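So you know, we letter chains A, B, ... as the sequences are listed, proteins then strands, and number each from 1. Only a predicted model underlies this, so the values are computations on that prediction, with no experimental measurement involved.
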2 protein chains.
Amino acid sequence: MEQGEAEGTAAEGARDELAAKFASWQVLHFDPAGCPVRDVLDRLGDKWSTLILLALSGGPARFSALNRAVPDISKRMLTQTLRDLERDGFVGREVFPTKPPSVEYRLTPLGFTMLEPLANLILWAEERHAAIRAARLRFDEANSAAAWPGA
Amino acid sequence: MEQGEAEGTAAEGARDELAAKFASWQVLHFDPAGCPVRDVLDRLGDKWSTLILLALSGGPARFSALNRAVPDISKRMLTQTLRDLERDGFVGREVFPTKPPSVEYRLTPLGFTMLEPLANLILWAEERHAAIRAARLRFDEANSAAAWPGA
DNA sequence: CAGCATCCGTGCGGATACTG
DNA sequence: CAGTATCCGCACGGATGCTG
């Protein structure tokens with residue numbers, strides 16, 4: 001029952017706040033360096049970043065453990081994504097000089113702070129997933145009907 | 001736990017919840033249809049979706065108004081992004097048979113519910129933006145120093 | 001005004017092979 | 001084990017021109 005008035009005010013607050021932020025970014029002509037949406041969210045929007053962060057949410061993990069946690073990522077993309085996350089300060093990398101070598105990745109305090117807003121978005125996505133899939137079916141059906149009227 | 005007492009219980013709750021969700025999605029072997037992160041967030045992760053949603057957070061807007069609100073998007077990508085958002089049920093499209101025709105876009109109730117979690121993530125990004133940029137500088141400097149030791 | 005059609009370049013990401 | 005190096009396809013997205 002989150003859809004009612006209780007969430008209405010919160011969502012309206014979010015809307016007004018977002019509208020104001022958006023206006024302030026517009027003033028800067030969306031300078032990529034000054035727009036957090038472009039500079040931060042676009043990086044998290046790649047194919048693997050969020051999944052890696054999720055995999056690390058349970059605690060530190062080694063390279064091959066991450067590869068097993070996300071089975072369909074290639075070693076190449078796992079390395080690259082981890083490097084990007086490390087560069088942004090979300091993930092820390094620690095090398096243990098064992099033989100063979102082992103490397104452990106973990107969320108930094110900065111990366112740790114992201115879990116909360118990320119979790120909110122993911123839980124929202126999960127909650128609305130069925131509705132979204134239903135909307136897609138409706139859209140595709142209406143669209144195909146319009147595309148082939150006589151079929 | 002070792003990560004950060006300062007960030008507190010909310011972040012730890014988010015971490016545990018996320019870890020549990022991640023485990024449950026793993027069981028499904030990340031079937032794209034069953035994983036909200038892949039099926040929903042990946043779509044929002046494209047170059048323009050979040051900016052369009054932000055532009056609509058202030059209220060309904062016409063096509064050319066959106067094009068002005070996001071100056072560096074092409075008409076082609078604006079149309080395509082709006083279609084995708086409409087297909088997922090986030091955005092509604094209303095055609096007014098004026099001359100010349102005008103089309104108005106607005107958030108649906110479903111799209112409206114996304115503003116709150118999206119705002120949380122964006123506000124987080126804005127709040128940590130400086131720290132992220134600083135981390136990038138540190139990383140790049142350390143990396144270039146390692147790449148050219150004698151320079 | 002609000003698109004659609006077409007062409008085209010870039011870069012993301014996959015596959016494979018090799019290394020310390 | 002934890003990467004690097006290389007090649008390559010394809011889809012994302014930009015530029016331009018045309019239409020109702």
Side-chain angles (χ1 to χ4, degrees), chain A residues 30 32 37-38 41-52 55-56 60-88 91-106 139 142-144 146-148, chain B residues 30 32 37-39 41-52 55-56 60-88 91-106 139 142-144 146-147:
Chain A
F30 290 109
V37 177
R38 301 194 182 216
L41 295 200
D42 274 4
R43 298 200 67 90
L44 298 178
D46 66 18
K47 195 174 181 181
W48 302 110
S49 288
T50 56
L51 287 171
I52 302 295
L56 288 171
R62 294 174 48 180
F63 186 88
S64 49
L66 290 172
N67 211 151
R68 266 176 270 115
V70 185
D72 52 348
I73 193 177
S74 64
K75 286 190 298 180
R76 167 178 153 79
M77 288 316 295
L78 181 54
T79 302
Q80 185 174 309
T81 306
L82 283 168
R83 283 291 181 284
D84 289 341
L85 292 174
E86 188 190 358
R87 187 175 105 99
D88 283 7
V91 164
R93 177 177 182 269
E94 192 176 2
V95 182
F96 297 96
T98 58
K99 176 178 151 336
S102 68
V103 179
E104 199 173 79
Y105 294 91
R106 72 181 63 213
F139 184 91
N143 201 307
S144 65
W148 308 293
Chain B
F30 290 110
V37 177
R38 301 193 182 218
D39 198 32
L41 294 200
D42 274 4
R43 298 201 66 89
L44 297 179
D46 66 17
K47 195 174 180 183
W48 302 109
S49 288
T50 56
L51 287 172
I52 301 294
L56 288 171
R62 295 175 48 181
F63 185 88
S64 49
L66 290 173
N67 211 150
R68 265 175 272 116
V70 187
D72 52 349
I73 192 176
S74 64
K75 288 191 299 179
R76 168 179 154 81
M77 289 315 295
L78 181 55
T79 302
Q80 185 174 309
T81 305
L82 283 168
R83 283 293 180 283
D84 289 342
L85 293 174
E86 187 191 358
R87 187 176 106 99
D88 283 7
V91 163
R93 177 176 181 271
E94 192 175 2
V95 182
F96 296 96
T98 57
K99 176 180 148 52
S102 68
V103 180
E104 199 173 78
Y105 294 90
R106 71 181 64 215
F139 183 91
N143 201 307
S144 64

Whole angstrom value for the distance that separates [atom2] of [N] from [atom1] of [X]:
X     : N      : atom1 : atom2 : answer
A:Q80 : C:dG14 : CD    : C1'   : 12 Å
B:L82 : C:dC4  : CG    : C1'   : 14 Å
A:D46 : D:dC12 : CG    : P     : 14 Å
B:F63 : C:dC1  : CZ    : P     : 11 Å
B:I73 : D:dA15 : CD1   : C1'   : 14 Å
A:N67 : D:dA2  : CG    : C1'   : 10 Å
A:D42 : D:dC12 : CG    : P     : 15 Å
B:M77 : D:dA15 : CE    : P     : 12 Å

Checklist entry - Do A:K75 side-chain and D:dG3 base share a donor-acceptor contact under 3.5 Å? => result yes
Worksheet item: Looking only at heavy atoms, which two atoms of A:A69 and A:P71 are closest? And how far apart?
Response: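 Closest pair (atom of A:A69, atom of A:P71, distance): O-CD, 3.4 Å.
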Minimal heavy-atom distance between A:R43 and A:S49, with the atoms involved, is O-OG, 3.6 Å
Can you tell me which nucleotide in [options] comes closest to the side chain of [X]?
X     : options              : value
B:R76 : C:dC1, D:dC1, D:dG13 : D:dG13
A:K47 : C:dC1, C:dG13, D:dA2 : C:dG13
A:R83 : C:dC1, C:dG13, D:dT4 : D:dT4
A:R93 : C:dA2, D:dG3, C:dG20 : D:dG3

Distance below 4.0 Å between [X] side-chain N/O and [N] OP1 or OP2:
X      : N      : answer
B:S102 : C:dC1  : no
B:Y105 : C:dC1  : no
B:S74  : D:dA15 : no
A:R62  : D:dC1  : no

Do [X] and [Y] come close enough that some side-chain heavy atom pair is under 4.5 Å?
X     : Y     : answer
A:L82 : A:F63 : yes
B:L51 : A:V37 : yes
B:I73 : B:K47 : no

Ranking A:T79 and A:P100 by the position along DNA chain D of their nearest nucleotide, the one closer to 5' is A:P100
Worksheet item: With sugar-phosphate meaning primed atoms plus P, OP1 and OP2, does A:K99 contact a base, only sugar-phosphate, or nothing at under 4.0 Å between heavy atoms?
Response: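 Touches nothing.
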